[in-house]
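Read through the structure below, which is laid out as structure tokens, and then see the notes.
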Amino acid sequence: MSLVVDSVAKRFDRFPALNGVSFTVPQGAFVALLGPSGSGKTTLLRILGGLEFPDAGSVHFADLNWLGVPARHRRAGFVFQNYALFRHMTVAQNVAFGLKVRPRRERPSGKEIARRVEELLALVQLDGLGKRYPSQLSGGQRQRVALARALAIEPRILLLDEPFGALDAKVRKELRGWLRALHERLGLTTIFVTHDQEEAFAVADLVAIMNKGKIEQYGTPDDVRRSPKSPFVAEFLEDETAKPTHRTAGAHPAH
Amino acid sequence: MRVALSAIAIGYIGLFLVLPLATVFLQASEKGLAFALAVIEEPDALAAIRLTLLTAAIAVPLNAVFGVAASWAITKFDFRGKGFLTTLIDLPFSVSPVVSGLIYVLIFGLQGWFGPELRDHGIRIIFALPGIVLATMFVTFPFVARELIPLMTDQGRQEEEAAATLGASGFQTFFRVTMPNIKWGLLYGVLLCNARAMGEFGAVSVVSGHIRGLTNTMPLHVEVLYNDYQFVGAFAVASLLALLAIVTLTFKSFLEWRYADEIAATHRH
């Protein structure tokens with residue numbers, strides 16, 4: 001069940017977002033797509049989620065032509081940068097959505113759905129908040145609702161776009177440790193986008209460093225840190241380590 | 001300073017909005033309420049009221065459906081000619097209603113493109129209900145779309161994308177995610193569209209033919225009465241028309257007040 005991305009390219013109008021990206025994600029791995037803004041990492045993630053389609057290249061998941069599967073049939077749990085929670089639904093309704101829209105014969109009973117929602121809310125430590133609306137939650141709580149909603153569909157793969165981007169520094173640290181632990185428990189193949197090097201190295205098994213629509217280097221955090229393969233990677237790593245407090249709380253206010 | 005500005009605003013609104021409206025009601029009741037009611041109960045007046053309500057009942061739902069479809073297409077998808085379509089939606093706002101009416105006469109009238117053929121098949125569009133409905137639809141087309149496009153642009157596409165990744169079909173996404181988010185905007189659009197549909201004069205005047213008791217809508221009936229020097233009668237029908245508009249706007253305000261929390265929640269949180 002590994003994910004194989006081969007020579008994927010994508011342009012928006014004239015601007016090339018991806019320039020032939022190839023990499024393989026082994027089953028159950030936790031992979032970070034790391035790079036500066038505009039490096040194409042979000043576009044790559046959206047292609048994997050079925051929200052964007054490449055102009056060239058192929059993606060195979062478990063030997064399945066992944067690009068031929070529409071987003072709604074991929075069962076790829078996607079967590080958006082700003083969570084994209086359904087604002088008119090309660091937390092419980094948000095989490096239940098993916099189960100309620102299933103075709104009748106695959107849909108669990110109302111009781112079963114309620115039970116699963118309870119279970120997921122407990123998993124993301126939001127027990128008892130099912131009746132709240134997203135606007136009544138903190139950023140960290142919304143983030144976890146989005147995660148519970150994505151997990152509800154029993155995803156085959158989890159895709160997270162800047163999962164901690166809109167949170168303050170303290171919550172970021174807590175949440176990423178928690179996410180890593182969750183990953184260990186569920187064993188779900190997970191790919192997340194970040195521009196924060198420290199975050200990528202702290203959580204991921206494998207890091208893909210992206211620049212200008214290409215993967216400059218792909219490997220374990222140790223390998224990448226020990227032997228940067230290109231001047232860009234070396235510089236990128238240096239830059240980040242040179243500024244110990246590179247991000248301050250509130251730089252990205254919660255929406 | 002604030003007092004002065006408020007005074008100017010209130011004075012302006014009073015002079016240009018409240019005073020004329022009050023005059024309409026005062027003039028209507030000059031010969032007593034009974035007389036005003038009698039004018040409204042005349043067969044021609046009743047026919048005009050029926051025609052106006054029927055026209056609105058056809059034109060408004062159609063425009064609501066088209067308005068939602070157009071807004072959905074423009075805000076949730078990228079395609080060639082999108083900017084052009086957006087401009088096109090505004091066309092009825094910038095074209096004089098008289099011209100809008102004339103367009104239909106030129107297309108469907110006896111001397112128009114399809115005139116002879118329609119006559120041969122016994123179909124009447126101009127000087128009949130279909131023409132009036134078409135002209136009304138043209139003039140009131142932008143109201144729903146204009147209300148929804150900014151709202152839907154502001155809300156973005158992410159919730160729809162999220163729904164897709166969670167396995168929802170296009171239909172499910174529309175009815176469970178998009179529709180609940182736009183229902184208030186849609187309702188405003190429909191109410192404004194309705195107010196204008198009932199009040200439209202220019203475009204309808206051109207295509208109606210002014211056949212009393214048959215193709216006269218309420219605004220046209222007001223004009224007929226006025227030209228016949230039946231001032232009180234004219235003002236009585238006008239009062240009724242104004243009343244319909246006031247009821248519509250009051251209803252809108254009531255909804256805004258009653259569901260303020262929910263309306264705030266459907267905007268970006």
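Order of the sequence lines sets the chain letters (A, B, ...), proteins ahead of strands, with each chain counted from 1. All heavy atoms count here, side chains included; hydrogens, waters and symmetry mates do not.
- Rounded to the nearest 0.5 Å, atoms CZ (A:Phe86) and CG (B:Asn181) are 9.5 Å apart.
- Contacts of residues 75-84 of chain B with chain A at a heavy-atom distance below 4.5 Å are absent; not one residue qualifies.
- Using a 4.5 Å cut-off between heavy atoms, A:Arg149 contacts chain B through both its backbone and its side chain.
- Neither the backbone nor the side chain of B:Arg157 comes within less than 4.5 Å of any heavy atom of chain A.
- Residues of residues 89-114 of chain A lying under 4.5 angstrom from chain B, judged on non-hydrogen atoms, are A:Met89, A:Phe97, A:Gly98, A:Lys100, A:Val101 in numerical order.
- Heavy-atom minimum distance, B:Thr165 versus A:Ile153: O-CD1, 3.6 Å.
- More than 12 heavy-atom neighbours from other residues, nucleotides or ligands sit within 6.0 angstrom of CZ on B:Phe25.
- Applying the 6.0 Å contact sphere to CG of A:Asp63 captures no more than 12 heavy atoms from other residues, nucleotides or ligands.
- B:Thr173 does not touch chain A: none of its heavy atoms, backbone or side chain, sits under 4.5 Å away.
- For A:His88 (side chain) and B:Thr178 (main-chain N/O), no donor-acceptor pair under 3.5 Å exists by modelled atom type.
- If you take CZ on A:Phe78 and CD on B:Gln158, they are separated by 8.5 Å, rounding to the nearest 0.5 Å.
- Atom CG of A:Asn82 is separated from atom CD of B:Glu159 by 11.5 Å, given to the nearest 0.5 angstrom.
- With a 4.5 Å cut-off on non-hydrogen atoms, A:Ala146 does not touch chain B at all.
- The two residues B:Ala162 and A:Ala84 come nearest to each other via the heavy atoms CB-O, 3.9 Å.
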